[in-house]
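The shown structure was predicted, so the numbers you read here are calculated from the model rather than taken from an experiment. Side chains are part of it too, since the values below use all heavy atoms of this structure and drop only hydrogens, waters and symmetry mates.
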Amino acid sequence: SDVCSSDLTEAQIEKASVSMKSGVKLTPADPKVLERVEIKDIPGAAVNLEGDDEAAAHFNDVLESWCTSVDESLRTDENQDGDDYAGPLTELEFWRGRQSAFDGLAEQLKGRDCKLVLAATAQSRASALKKWRTLDNQITDAANEAKDNVKYLAALEKYVEPLYSGDTQGIIDGMPALLNNIKMMHTIARYYNTSERMTALFCKVTNEMITNCKTQITTGGKMWDQDIAGLIQKLDGSLLLNETYQEQYRGVKSKLESQPKGKQFDFSENQIFGRYELFCKRIQKLIDMFSTVQQFTTLAEHKIEGMEQLIKTFFGIVEDFKKKPYDLLDYTKNQFDRDYLEFNVSIHELETALQGFINSSFENIMSTEHALGLLKQFQAVLQRDNLKADLDSKYMVIFHNYGLDLETVQKLYEKHKNNPPMSRNEPPVTGNIKWARQLLRRIEEPMRKFQSNKNIMTTKESKKIIRTYNKVARALIEFETLWHYAWTKSIDSAKAGLNATLIIRHPENDKLYVNFDREIMQLIRETKCLQRIGVEVPDAAKMVLLQETKFKSYYNRLSFVLKEYDRVVMNLIPVIRPLLRRQLDDLEATLRVGMDGDLTWTSMSIDMYLERTLTNLERFDEQIGRASCRERV
């Protein structure tokens with residue numbers, strides 16, 4: 001059919017067409033001989049050979065040639081095209097061609113000339129007649145066989161179609177239906193259920209799966225030109241298809257074995273799966289090779305200092321392999337296996353050099369964090385088993401160094417816990433907590449990473465290191481907790497400064513000062529800095545912080561008022577002081593409101609107090625100016 005032909009290769013279409021058109025061409029009898037012996041007035045094929053030995057010999061020769069042609073056609077089997085890699089649709093095309101050939105033979109035998117030949121040989125008792133009668137029965141059987149086989153193979157056609165046009169997942173999805181239909185054909189078909197024919201059909205299914213896998217892999221260009229991750233995924237798909245194919249086959253076989261009386265899948269699995277196994281061995285080698293390429297390509301992208309020459313050597317090896325003239329997927333070519341072996345030898349030498357580089361990188365560990373980061377970087381790139389094993393061993397080296405790091409942190413804590421180093425102008429509580437957290441972070445982050453490695457955490461040496469870690473971590477956490485607790489307890493005493501008067505008079509020099517407790521500003525700074533590093537702050541401290549702008553504004557305005565007061569009083573000369581005694585007393589009475597206990601930093605009327613005081617100062621300053629002018633006059 002057109003549908004089948006569209007899924008075949010051009011070569012397969014041509015062979016199928018030749019098979020369908022060739023048929024069996026029966027040699028015709030000589031028309032002059034037919035005219036000489038034919039009895040025209042008798043209906044049907046009637047001849048008269050009496051006394052005509054020459055005609056009898058001629059008809060015997062014709063029948064002999066028929067026997068030869070028919071015998072040759074009967075002995076032709078489905079492998080006559082010689083294509084060992086043909087797909088299952090060629091099987092259907094062959095049987096369609098065979099059916100067409102025997103149909104054509106039947107049409108020829110129905111012709112008058114053929115009937116005359118058969119009648120003549122029967123009358124003369126030709127020597128070829130017995131052989132012909134045997135072949136005639138075989139023709140009937142062969143025609144029936146071809147017709148029956150076409151019927152079942154045509155029913156299988158739609159389940160085979162994904163092998164030609166589907167992707168790997170499509171083939172996997174259709175696998176159960178395909179095998180179930182093959183099982184059904186094996187169970188009920190009259191002619192096609194022999195072990196040889198079923199094995200041949202399975203082998204052709206395998207052939208087409210391999211062809212489809214090659215098509216899927218090379219879609220997108222040559223393998224060297226494709227994205228390596230995507231290519232490896234497609235190569236893995238070929239392995240998965242083989243695994244699924246065999247799994248489904250053995251599943252059907254197992255079900256049949258549970259019914260011993262029925263027909264079994266007793267076919268040669270080596271014949272059916274042998275080629276696919278060879279193909280998968282090539283695929284596995286390609287996966288290994290391209291995984292190595294991917295590994296070193298990623299290593300090159302990380303641009304690790306000191307690896308430039310090693311990376312350059314690797315890409316030189318790859319370029320040499322790219323120049324090989326054969327198809328990498330042609331598993332029948334042994335040249336690849338030799339080149340692959342040489343490739344692995346070269347890669348082994350590179351990996352030895354890479355291991356040397358890795359070892360030197362971990363010889364002098366300056367920081368556990370840096371060493372773990374470098375190890376993680378290598379682990380993300382290096383996937384080959386021998387390299388991964390070497391990297392795993394580096395964990396113990398880093399862990400041992402981490403034990404020394406713990407001892408260093410412990411000594412630092414003991415040395416500086418009473419007076420930790422901190423940043424300039426940093427409030428003490430925040431500074432102490434940040435110092436403790438920095439030391440804790442130095443030991444905590446590496447330990448989290450070590451915990452994921454059970455091989456390390458279960459060693460005898462690790463128990464000692466874990467005890468040291470717990471001791472140091474507990475001390476640092478307690479250190480932070482104690483500082484935080486002490487600070488939260490001091491908040492109420494610091495807030496008490498807000499209940500102080502706005503202004504205070506110095507007992508010695510009788511000068512006025514803004515009475516703002518420095519502990520308030522310290523509380524505000526600590527609250528702000530502690531929030532910044534994520535420390536929980538009590539609501540009482542947050543409330544003070546929210547009023548920071550207001551307190552600073554009051555402080556600045558009060559300072560300005562007192563400076564103005566000092567300036568005005570300094571301008572008051574002794575001569576005019578008696579004249580302005582009452583106004584001066586009023587001004588001082590206004591200021592005294594800020595020195596009495598009724599007006600504190602939490603009062604709501606501070607703004608009114610400041611405005612009134614500043615207004616009185618300005619008025620008193622004007623009065624001093626006018627009094628000074630009158631005195632000069």
Side-chain angles (χ1 to χ4, degrees), residues 84-89 156 158-186 198-220 223 226-258 264-295 327-333 336-337 340 344 383-385 388:
D84 293 335
Y85 300 96
L89 286 181
L156 193 67
K158 68 177 181 179
Y159 301 103
V160 171
E161 191 275 333
L163 301 179
Y164 290 85
S165 59
D167 57 13
T168 303
Q169 190 57 49
I171 297 174
I172 290 174
D173 293 341
M175 191 79 67
L178 173 62
L179 288 175
N180 281 328
N181 277 272
I182 292 177
K183 179 192 75 171
M184 187 68 67
M185 185 169 68
H186 177 54
M198 295 302 295
T199 300
L201 178 62
F202 272 116
C203 287
K204 291 188 176 185
V205 168
T206 300
N207 290 342
E208 198 55 41
M209 284 187 184
I210 295 173
T211 301
N212 184 284
C213 286
K214 289 181 178 180
T215 302
Q216 296 296 321
I217 292 169
T218 54
T219 298
M223 285 191 282
Q226 296 184 44
D227 172 67
I228 298 178
L231 175 62
I232 292 174
Q233 186 176 2
K234 290 192 284 188
L235 292 170
D236 282 330
S238 298
L239 299 180
L240 177 61
L241 181 57
N242 180 42
E243 181 182 337
T244 305
Y245 181 28
Q246 296 196 35
E247 181 182 315
Q248 292 285 340
Y249 174 89
R250 295 189 177 105
V252 173
K253 181 179 179 180
S254 178
K255 287 181 181 179
L256 289 173
E257 288 173 348
S258 65
Q264 302 295 314
F265 268 19
D266 51 358
F267 316 129
S268 170
E269 293 189 12
N270 184 51
Q271 280 184 268
I272 295 173
F273 303 118
R275 283 179 181 169
Y276 211 154
E277 287 295 327
L278 288 174
F279 178 66
C280 285
K281 286 181 181 179
R282 173 63 59 85
I283 292 295
Q284 287 168 342
K285 291 178 180 179
L286 289 172
I287 289 175
D288 179 67
M289 185 175 73
F290 281 103
S291 295
T292 302
V293 174
Q294 184 183 36
Q295 175 179 278
D327 179 8
L328 296 178
L329 293 172
D330 188 354
Y331 58 93
T332 62
K333 295 291 190 294
F336 170 85
D337 298 306
Y340 173 73
N344 276 340
Q383 299 300 321
R384 293 172 74 87
D385 291 338
K388 289 173 71 174

Undergrad: Nearest 0.5 Å, please: how far is NE2 in His186 from CG in Asp266?
TA: 6.0 Å

Undergrad: Locate the shortest heavy-atom distance separating Asn242 from Glu277; write the atom from each residue and the value.
TA: ND2-OE2, 3.3 Å

Undergrad: If we check side-chain contact (heavy atoms from CB on, under 4.5 Å) with Cys213, which of these qualifies: Leu235, Leu241, Ile171, Leu239?
TA: Leu241

Undergrad: Aromatic rings Tyr245 and Phe202: how do their planes relate, parallel, tilted or perpendicular, breaks at 30° and 60°?
TA: tilted

Undergrad: Distance from Thr244 atom OG1 to Gln169 atom CD, nearest 0.5 Å?
TA: 8.0 Å

Undergrad: State whether the side chain of Glu257 and the backbone N or O of Gln264 hold a donor-acceptor pair below 3.5 Å, judged by distance alone.
TA: no

Undergrad: Could you tell me if the side chain of Thr211 sits less than 4.5 Å from the side chain of Glu208, heavy atoms only?
TA: yes

Undergrad: Nearest 0.5 Å, please: how far is CD1 in Ile228 from CD in Gln295?
TA: 11.0 Å

Undergrad: Taking the side chain from Thr206 and the backbone from Phe273, do they hold a donor-acceptor pair closer than 3.5 Å?
TA: no

Undergrad: So which heavy atom on Gly230 is nearest to which on Asp227, and how close?
TA: N-OD2, 3.0 Å

Undergrad: Does NZ or CZ of Arg282 fall inside the cone over Tyr340's six-membered ring, less than 6.0 Å from its centre and within 45° of the axis?
TA: no

Undergrad: Compare all side-chain heavy atoms of Gln246 with those of Tyr276 and state whether any distance is below 4.5 angstrom.
TA: no

Undergrad: Quick one: does any side-chain atom of Lys234 pair with a main-chain N or O of Thr219 as donor and acceptor, under 3.5 Å?
TA: yes

Undergrad: Between Met185 and Leu156, what is the shortest heavy-atom contact and its length?
TA: CE-CD2, 4.2 Å

Undergrad: With side chain to side chain contact (heavy atoms under 4.5 Å, CB included) as the criterion, how do Phe267 and Lys253 come out once you've worked through the C-alpha distance, each side chain's angles and the decisive distance to 0.1 Å?
TA: CA-CA 10 Å; Phe267 316 129; Lys253 181 179 179 180; over 6 Å; no

Undergrad: Hey, could you give me the CD1/CZ distance between Ile272 and Phe265, rounded to the nearest 0.5 Å?
TA: 8.0 Å

Undergrad: I would like to know whether Gln294 and Leu231 meet side chain to side chain contact (heavy atoms under 4.5 Å, CB included); could you show each step before the answer?
TA: CA-CA 11 Å; Gln294 184 183 36; Leu231 175 62; over 6 Å; no

Undergrad: Counting C-beta onward and ignoring hydrogens, is there a side-chain heavy-atom pair between Cys203 and Thr199 closer than 4.5 Å?
TA: yes

Undergrad: Kindly say whether Ile217 contributes a backbone atom to a donor-acceptor pair with the side chain of Gln226 at under 3.5 angstrom?
TA: yes

Undergrad: Just how far is it from atom CG of Asp173 to atom OG1 of Thr168, taken to the nearest 0.5 Å?
TA: 10.5 Å

Undergrad: With a 6.0 Å cut-off (strictly less than), is the heavy-atom count around CD of Gln233, excluding the residue itself, greater than 12?
TA: no

Undergrad: I need the Lys214 NZ to Leu329 CG distance, nearest 0.5 Å.
TA: 6.5 Å

Undergrad: Show the nearest heavy-atom pair for residues Tyr249 and Leu179, with the distance to one decimal.
TA: N-CD1, 3.4 Å

Undergrad: Residues in side-chain hydrogen bond (donor to acceptor under 3.5 Å, both in side chains) with Asn212, at least two apart?
TA: none

Undergrad: Quick one: does any side-chain atom of Tyr164 pair with a main-chain N or O of Leu89 as donor and acceptor, under 3.5 Å?
TA: yes

Undergrad: Indicate yes or no for a side-chain donor-acceptor contact from Ser254 to the backbone of Arg250 under 3.5 Å, with no hydrogens or angles considered.
TA: no

Undergrad: Apply side chain to side chain contact (heavy atoms under 4.5 Å, CB included) to the pair Val205 and Leu178, showing each step before the final yes or no.
TA: CA-CA 10 Å; Val205 168; Leu178 173 62; 4.2 Å; yes

Undergrad: Answer yes or no: is there a side-chain heavy-atom contact under 4.5 Å between Tyr159 and Ile182?
TA: no

Undergrad: Walk me through it: do Tyr331 and Arg275 pass the test side chain to side chain contact (heavy atoms under 4.5 Å, CB included)?
TA: CA-CA 9 Å; Tyr331 58 93; Arg275 283 179 181 169; 3.7 Å; yes

